[in-house]
Each structure stands twice: as C-alpha cells, then as structure tokens.
Amino acid sequence: MGAHILIVEDEEKLARFVELELEHEGYTVSKSLNGRDALAMILTGSYDLVLLDIMLPGLNGLEVLRRMQKEAREADTPPVILLTARDAVMDKVSGLDAGAVDYITKPFAIEELLARIRVALKLHGHGEPAGQQEEGICRWGKLILDDKRHQVKYDGAEVTVTNREFQMLKTLLENMDIVLSRDVLLEKVCGYHYVGETNVVDVYVRFLRAKIDEVYGVKMIQTVRGVGYVIKSGD
Ligand code: CA
C-alpha cells in the first residue's frame, strides 16, 4: 500500500487537484481544510507525510508545525513539506527552523511536488527499500562513491572532490532518477542558510562535470531545464 499523505490546504480546488494526482500515484490521501483540524488529525492519526499550506484560516501552517513538534513525541512526527507563497522567504526559513523537511512555492508544477514527496519519503524512512545496495556505497556505471571512506572512484581511479562536491554527488546518487531542485540540493549541500543562492548549485555541478564527465567522456549529471538536476540510472 502506498504511503498515507495528509494534505492541509484551504483552497479546495487545489486540495482536490493534489489529492487526485497523489491517488493516481498510488498514495492514500486524507485532507484537511483548516489548521485546527489538521493538528488534531496529525496528533491522533498516523501519516507518512504532511503537505502543509502556510496561509490557513485560524491556525496557520507554521503554528500547526510548531504545535505538532511540541505535542507529539519526535518519533511520531511525520515529515512535513510546506506549501508557501512566492517570495515568502521568512516563512520558508521559519518553517525549516520549525522542523519542515522541505517547501514548495505556489504555484508549483505537480511533477515537482511529486518529486519532492518521493525525496521526503525516501529520506525519512517511508520510501521503497533501497534494494541490495552495499551500505554506504553508490554506483553509477564505473563510478563508485564510498560514503564511509569519503571516496569517489571512476574505473578504479580516485577522483579528488571537495566536501561539498562529495555531498552534491552523494545526494544525486542516493536519489537516482529523481529530479532534485536547486533548492533541495542547496539545502543538502550547504544548509538552508543559503536560501535563494541557488547558482551555488550550478557551480558545484560544473566542478563535478569538469572532474568526471569531461575526464571520462560521460554524461552523468543531467540538467532538467527549469527544475534542477538528476543522475539517471539507465545512462
Ligand atoms: Ca491557503
């Protein structure tokens, strides 16, 4: 059975649209149109993930998030992705500080929301099992990333990378076939204090391409225009 997702959104049309899309993807979906009901549902129910709008009547999303963290034991809190208005940078920062795992800015492409959901479920332990991968080892073709040794090798030869390049590569490899937005990569690699400075991500991608793609004649990190980057398993 798919993960159980709670949508908290007072715009009924948007909530319904997201509900249908998520059900189509195989998720089980519950909805709440206001913050107070949502908080009660989160504290008493068991959800794998919550999509939480910030601008809600009564109790706003940030308040729901704070109370949820305060009243639930930590182990019981589902990961939260915030739905925020464009340019509401303070909301994003406050939301991440309050424990949200990600945010997406409205209006959003449904594909991007679905990708964020897959990442959040995967990173927070409710996703598909990773298969028979050796622990801490990621592979792509002849490339091997060894997390424990903090080492990258291509066809047996060590590739010297900086810590941030390593984190970037690791994040992309661990989320193989999932397009990661610059914001998500930035948070993973630099921490969210760099919100908005997403061109930093492009710089690290360029460094990695210079060290791997250009040297070994491969096309590892793919650019998805307007969305972000992905490493595809089939390539
Ligand atoms: Ca709203």
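Note: hydrogens, waters and symmetry copies are ignored here, and every other heavy atom, side chains too, is used. Whatever order the structure lists them in is the order used to number ligands and atoms, beginning at 1.
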Residues forming a salt bridge (charged side-chain N to carboxylate O under 4.0 Å, His left out) with E63, sequence neighbours excluded = R66, R67
Tell me the ring-ring contact (aromatic ring centres under 6.0 Å, His included) pairs involving residues 11-32, sequence neighbours left out?
-> none
Which protein atoms of type N, O or S are found under 3.0 Å from the Ca ion (ligand 1)?
-> D10 OD1, D53 OD2, M55 O
Besides V179, the hydrophobic cluster formed by Ile, Leu, Val, Met, Phe, Trp and Tyr side chains linked at under 4.5 Å, directly or via other members, contains V224, V227, V230
State, yes or no, whether a side-chain contact exists between W140 and L172 at a heavy-atom distance under 4.5 Å.
-> no
Would you say Y103 and I54 make side-chain contact, with heavy atoms under 4.5 Å?
-> no
Do V8 and V64 have side-chain heavy atoms sitting under 4.5 Å apart?
-> no
